[in-house]
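Since the structure comes first, as structure tokens, the remarks are kept for the end.
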Amino acid sequence: MPELPEVETVRDGLERLVVGAVVRDVEVFRDYSVRRHDGGPVAFRAELTGQRLAAAVRRGKFLWFPLEPADAPPPPGARSAAALLAHLGMSGQLLVRSGTDPDDFRHPHLRVRLHLDGAPSDARYVDFVDQRTFGYLSVSDLVPVPDGAPGGLGSDLAAVPGPVAHIARDLLDPYLKGGAEGRDDLARRVRRRRTQIKRALLDQGVVSGVGNIYADEALWRARLHWARPTDRLRVADVHRVLDAAEEVMREALAQGGTSFDALYVNVNGQSGYFDRSLNVYGREGEPCRRCGTPIRRDPFMNRSAFTCPVCQRAPRAT
DNA sequence: CTTCTGCCCTGGGAGC
DNA sequence: TGCTCCCAGGGCAGAA
């Protein structure tokens, strides 16, 4: 499934291959894949057609393209008022297509297809493919972010789509990354919560882009148990797990590859990272790579939490 | 206000 | 073999 590093790889690829293109037409094959949008798929198509994709921006796992009318280009420096917003959910892909016959590559789970003109590459279509339909597209108004500071990789805009307004920055954000001014404040906010550390890591209002997999991997690296109460953690513990989460994501991003030949493959959402690099997630019963103890799986929020019971000592009361 | 639960959806795989 | 059921996941609405 696309985690934050995959979404960033997709953003980077789309920035290179399709930003600047104009949407000539839109096909919606499944209404449910266009959500959070007044007027539904019909309005979605109308609002998107004739718009230029002016940039590719990401915050957490949200990805968006600020829009500009193609027939009335705004003056330089003007800000977009709306954006095409995408969330890939757990199975979404944005596939860049360059062929001339679109029927040649009609994926069985194709939900939405954008027809493009004038891309900076040979791209002709962007296909939104999503098997499990947890992902969606919409056109959303851009709203100022409350804290005003620039945010989102790929942009210095201080505005985000409405549905993203309550989503915190992520650990690759220039304002929040290791050593940046916002990092200490994030650690303080984590410790101010009265919950378990893994719940805080997954809370999109605290920090975004950390999913179930990376939460477990980061906690294993930081040798912290998922149930540790946030308000009783030491500051250094919180920093250690945040650093670990950023590190895991940067390693995955590096493995995504950056060569141009690989670009189409990477835009298409493949990573290969998870096949070899996971230390605890999905490894129940397999030996911990640090101490050999069998990895344990606990039920957690109708999901799972994977830990090494020796490296990550459970708190007294769970 | 903060914290937490249940739900959305599909198809692969396990179990019978 | 074919059927049923469970599971995965992020983020949201609404309850506590």
Side-chain angles (χ1 to χ4, degrees), chain A residues 1-8 10-11 28-38 40-41 58-64 85-94 107-112 128-138 140 143 146 160-171 186 188-218 226-233 245 248-249 252 269 271 273-275 278 280-285 297-306 317-318:
Chain A
M1 79 225 61
E3 293 282 329
L4 186 147
E6 285 75 29
V7 180
E8 172 55 20
V10 169
R11 186 206 66 78
V28 177
F29 299 102
R30 192 176 181 107
D31 287 358
Y32 187 72
S33 294
V34 175
R35 288 206 290 283
R36 300 159 144 265
H37 189 97
D38 295 338
R58 181 189 58 73
R59 175 177 283 205
K61 298 182 191 176
F62 285 89
L63 179 62
W64 67 91
L85 176 65
H87 197 294
L88 301 181
M90 57 186 296
S91 58
Q93 296 172 279
L94 288 167
H107 191 284
H109 302 307
L110 176 62
R111 309 306 189 193
V112 179
F128 179 60
V129 170
D130 188 14
Q131 179 200 109
R132 296 186 189 177
T133 67
F134 262 42
Y136 63 88
L137 304 181
S138 72
S140 298
V143 300
V160 302
V164 185
H166 68 288
I167 301 293
R169 296 162 191 279
D170 59 69
L171 292 168
L186 170 61
R188 274 193 293 274
R189 278 191 316 219
V190 169
R191 290 180 75 232
R192 240 184 275 134
R193 304 300 294 246
R194 297 162 65 91
T195 186
Q196 298 162 337
I197 181 60
K198 185 170 174 181
R199 282 180 180 271
L201 291 174
L202 296 176
D203 187 332
Q204 301 299 294
V206 175
V207 61
S208 68
V210 181
N212 201 41
I213 296 173
Y214 285 168
D216 280 359
E217 292 299 310
W226 56 268
R228 293 281 294 276
T230 45
D231 54 355
R232 284 160 56 188
L233 286 174
V248 175
M249 291 193 287
S271 167
Y273 173 76
F274 296 115
D275 294 340
L278 294 180
V280 281
Y281 183 84
R283 296 191 65 237
E284 181 181 15
R297 185 184 75 83
D298 294 311
F300 172 83
M301 290 175 77
N302 290 325
R303 287 169 180 75
S304 299
F306 295 91
T318 45

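Here the structure is a predicted model, which means the values were calculated and not measured. Naming: A, B, ... by sequence-line order, numbering from 1 per chain.
A:Arg35 is linked by a side-chain hydrogen bond (donor to acceptor under 3.5 Å, both in side chains) to nothing, counting only residues two or more places apart in sequence or in another chain. The ring pair (Phe, Tyr, Trp, His ring centres under 6.0 Å) search around A:His107 returns A:His109, not counting sequence neighbours. Applying the salt bridge (Lys or Arg N to Asp or Glu O under 4.0 Å) test to A:Arg297 and every residue at least two apart in sequence or in another chain returns A:Glu284. Under the ring pair (Phe, Tyr, Trp, His ring centres under 6.0 Å) criterion, A:Phe62 pairs with A:His87, not counting sequence neighbours. A:Asp216 meets the salt bridge (Lys or Arg N to Asp or Glu O under 4.0 Å) test with A:Lys198; sequence neighbours excluded. Taking A:Phe134 as the reference, nothing meets the ring pair (Phe, Tyr, Trp, His ring centres under 6.0 Å) condition, with sequence neighbours excluded. Residues passing the salt bridge (Lys or Arg N to Asp or Glu O under 4.0 Å) test with A:Asp298 are A:Arg296, sequence neighbours excluded.
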Going 5' to 3' along nucleotides 11-16 of chain C, which nucleotides have protein heavy atoms under 4.0 Å from the base (write B), which only from the sugar-phosphate (write S), and which from neither (write -)? BS----
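Taken from OH in A:Tyr32 to OG1 in A:Thr133, the straight-line distance is 6.0 Å, to the nearest 0.5 Å.
Atom C1' of nucleotide C:dG10 and atom CG of A:Asn212 are separated by 10 Å, given to the nearest angstrom. A:Tyr32 has its OH atom 12 Å from the C1' atom of C:dG10, to the nearest Å. The distance from atom CZ of A:Arg189 to atom P of B:dC1 is 16 Å, rounded to the nearest whole Å. When the C1' atom of B:dC9 is taken as reference, atom CZ of A:Arg111 falls 10 Å away, rounded to whole Å. Here the P atom of nucleotide C:dC7 and the CZ atom of A:Phe306 are 12 Å apart, to the nearest Å. To the nearest angstrom, C1' of C:dG10 lies 13 Å from CZ of A:Phe300.
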Anything under 3.5 Å between a protein N or O and an N or O of nucleotides 2-5 of chain B, put it in a table, one pair a line.
unit_1: B:dT3; atom_1: OP1; unit_2: A:Arg194; atom_2: N; d: 2.7
unit_1: B:dT3; atom_1: OP2; unit_2: A:Arg193; atom_2: NE; d: 2.4
unit_1: B:dT3; atom_1: OP2; unit_2: A:Arg193; atom_2: NH2; d: 2.8
unit_1: B:dC4; atom_1: OP2; unit_2: A:Thr195; atom_2: OG1; d: 2.7
unit_1: B:dT5; atom_1: OP2; unit_2: A:Arg199; atom_2: NH2; d: 2.9

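Among the atoms of the strands shown, none is found under 4.0 Å from any heavy atom of A:Gly89.
Between A:Phe306 and A:Arg283, the closest side-chain pair of non-hydrogen atoms is not below 4.5 Å.
Note on A:Ser91: every side-chain N or O is 4.0 Å or more away from OP1 and OP2 of C:dA8.
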